[in-house]
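Everything below concerns the one structure shown next.
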Amino acid sequence: MGGAAGMMDTGKADAQAVRYARLNDFRMEHIMLGGAESLAVGAASTGLPRWRQQVQYAIGHTLNDFYSLQPAVRRETPVQFLLERRWPLRSTAFPSLMHYWDVKTAVADELMRLAPVNHTGEIPVMLYEQWHTPVPELSVELAMIFQLAWNSQRSGRCLNIQKFMVSGHEDVITGFLHMANVFCHKAYGEPADTIEIYSLMDGRRHIFDGAGVPLTESLDYVRLLSVFLEQDKTADRNVSVDSRRNEKSEAAFGGFGLM
């Protein structure tokens with residue numbers, strides 16, 4: 001699924017909508033990460049180490065597999081079994097064999113701790129889907145991939161949003177918080193209930209009240225991010241070139257390898 005968020009008739013909405021340049025959340029996160037990490041052996045064109053892309057891909061597919069199940073089936077399905085099916089085989093993308101096993105153990109332990117008690121009786125309303133909404137005051141269309149989102153039961157709130165990262169990164173967390181805040185206000189006219197970001201490697205979690213950040217502050221932040229739109233286009237070209245070298249592009253990941 002995915003499409004224009006907050007619209008009952010997405011096809012009609014798309015046809016009538018004013019077209020703005022699209023600001024993709026995952027591209028902004030890649031740019032922020034690329035500027036903070038050195039390019040080691042096996043680094044992808046986006047700046048992310050290839051092992052990290054592979055792990056994020058495995059996490060994404062595992063969570064998608066798990067939460068695609070009915071709640072009653074989830075209770076009987078060990079998430080580590082699903083993770084094992086998706087985990088990369090011994091790979092040269094990892095700096096060492098020790099690192100490979102350290103990452104696998106940490107991620108598996110955290111998923112086994114979180115998944116069985118997370119919204120146990122509910123079905124997510126968004127599951128690794130990209131949605132977009134126009135932000136007229138910034139002349140951009142904000143597109144976000146929501147890994148997991150649940151209906152809120154609180155009046156005046158729209159969603160409980162959850163994001164799972166291999167490891168936390170302060171700039172990415174701040175950027176996602178502001179983009180999600182703008183997205184919820186523009187798509188649904190109300191803030192999120194909560195925005196939760198999990199860092200699986202170190203077991204940390206960041207939980208924000210959706211109404212805790214003023215919309216004006218988030219709009220200012222996204223306005224600053226929009227200066228990267230030109231760099232975003234460059235990333236498109238780089239990924240395209242690298243794809244010809246048999247390196248997986250973001251499109252090839254189908255959204256599961258994205259942060």
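Using a 4.5 Å heavy-atom threshold, the side chains of Phe66 and Phe81 count as separate. In this structure, Pro49 and Phe94 have side chains that are not in contact, with every pair of non-hydrogen atoms separated by 4.5 Å or more. No side-chain heavy atom of Met126 sits less than 4.5 Å from a side-chain heavy atom of Leu148. With a 4.5 Å cut-off on side-chain heavy atoms, Ile145 and Glu129 do not count as touching. Looking only at side-chain heavy atoms (C-beta outward), Gln80 and Leu111 stay at 4.5 Å or farther from each other. Between Leu82 and Thr77, the closest side-chain pair of non-hydrogen atoms falls below 4.5 Å. Between Leu159 and Val125, some side-chain heavy-atom pair lies under the 4.5 Å cut-off. Side chains of Thr120 and Pro71 form no contact here, defined as non-hydrogen atoms less than 4.5 Å apart.
Between the CG atom of Asp25 and the CG atom of Leu142 there is a distance of 7.0 Å, given to the nearest 0.5 Å. Once rounded to the nearest 0.5 Å, the distance linking OH of Tyr67 with OH of Tyr128 reads 10.0 Å. With rounding to the nearest 0.5 angstrom, the CH2 atom of Trp101 is 12.5 Å from the OG atom of Ser96. Here CZ of Phe164 is found 7.5 Å from CD of Glu196. Values are rounded to the nearest 0.5 Å. Atoms OH and OG1, on Tyr221 and Thr216 in that order, are 15.5 Å from each other to the nearest 0.5 Å. Remark: Met144 CE to Cys184 SG distance equals 8.0 Å, nearest 0.5 Å.
Glu217 and Asn181 form no side-chain donor-acceptor contact under 3.5 Å, judged by distance and modelled atom types alone. For the 3.5 Å distance criterion, the side chains of Asn118 and Gln162 qualify, holding a donor opposite an acceptor. Counted by atom type alone, Arg50 and Thr92 present zero donor-acceptor pairs between their side chains at under 3.5 Å. Side chains of Ser199 and Asp202: a donor-acceptor N/O pair is present below 3.5 angstrom, by distance only. A donor atom on one side chain and an acceptor atom on the other are found under 3.5 Å apart for Asn160 and Thr194. Side chains of Gln53 and Trp51: a donor-acceptor N/O pair is absent below 3.5 angstrom, by distance only.
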Applying side-chain hydrogen bond (donor to acceptor under 3.5 Å, both in side chains), run through Arg204 and Ser167 and close with a yes or a no. CA-CA 9 Å; Arg204 297 177 64 188; Ser167 56; over 6 Å; no
For Phe228 and Arg27, run side-chain contact (heavy atoms from CB on, under 4.5 Å): C-alpha distance rounded to whole Å, both residues' side-chain angles, the deciding distance at 0.1 Å, then the answer. CA-CA 9 Å; Phe228 291 115; Arg27 285 288 171 75; over 6 Å; no
Would you please test His178 and Thr174 for side-chain contact (heavy atoms from CB on, under 4.5 Å) and show each step? CA-CA 6 Å; His178 285 300; Thr174 301; 3.7 Å; yes
Check the pair Lys186 / Glu141 against salt bridge (charged side-chain N to carboxylate O under 4.0 Å, His left out), numbers first and verdict last. CA-CA 10 Å; Lys186 294 302 173 184; Glu141 180 182 71; over 6 Å; no
Give the intermediate values and the outcome of side-chain contact (heavy atoms from CB on, under 4.5 Å) for residues Leu138 and Tyr20. CA-CA 9 Å; Leu138 303 183; Tyr20 297 121; over 6 Å; no
Carefully, step by step, assess Gln147 and Ile161 under the rule side-chain contact (heavy atoms from CB on, under 4.5 Å). CA-CA 8 Å; Gln147 298 177 352; Ile161 297 169; over 6 Å; no
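Classified by interplanar angle (parallel below 30°, tilted 30° to 60°, perpendicular above 60°), the ring pair Phe208/His206 is parallel.
Classification of Arg157 and Asp209 as a salt-bridged pair holds, one side-chain N sitting under 4.0 Å from a carboxylate O. In summary, Glu84 and Lys104 engage in a salt bridge, as defined by a charged side-chain N under 4.0 Å from a carboxylate O. We find that Glu110 and Arg205 are not joined by a salt bridge, their nearest charged nitrogen and carboxylate oxygen being 4.0 Å or further apart.
Closest of all the heavy-atom pairs between Arg86 and Ala58 is O-CB, 3.4 Å. Here the closest heavy-atom approach between residue Phe26 and residue Gln130 is recorded as CE2-NE2, 3.8 Å. The minimum heavy-atom distance between Pro88 and Gln54, with the atom names listed, is CB-OE1, 3.8 Å. Heavy atoms only, all atoms of each residue included: Gly175 and Met32 are closest at CA-CE, 4.4 Å. Contact record, Val140 with Ser226: CG1-CB, 4.3 Å, taken as the closest heavy-atom pair.
Hydrophobic clustering of Ile, Leu, Val, Met, Phe, Trp and Tyr side chains at less than 4.5 Å, counting indirect connections, keeps Met201 apart from Met98. Under the 4.5 Å side-chain contact rule for hydrophobic residues, Met112 and Leu69 do not share a cluster. Taking hydrophobic clusters as Ile, Leu, Val, Met, Phe, Trp and Tyr residues chained together by side-chain heavy-atom distances below 4.5 Å, Val117 does not share a cluster with Val73.
The side chain to side chain contact (heavy atoms under 4.5 Å, CB included) test with His169 singles out one residue from Asp171, Ile173, Val166, and that residue is Asp171.
Not one N or O on the side chain of Asp193 forms a donor-acceptor pair closer than 3.5 Å with the backbone of Cys158. Looking only at distances, no side-chain donor or acceptor of Tyr198 sits under 3.5 Å from a matching main-chain atom of Leu114. A donor-acceptor pair is defined here as one N or O able to donate and one able to accept, closer than 3.5 Å; no such pair exists between the side chain of Arg74 and the backbone of Ala115.
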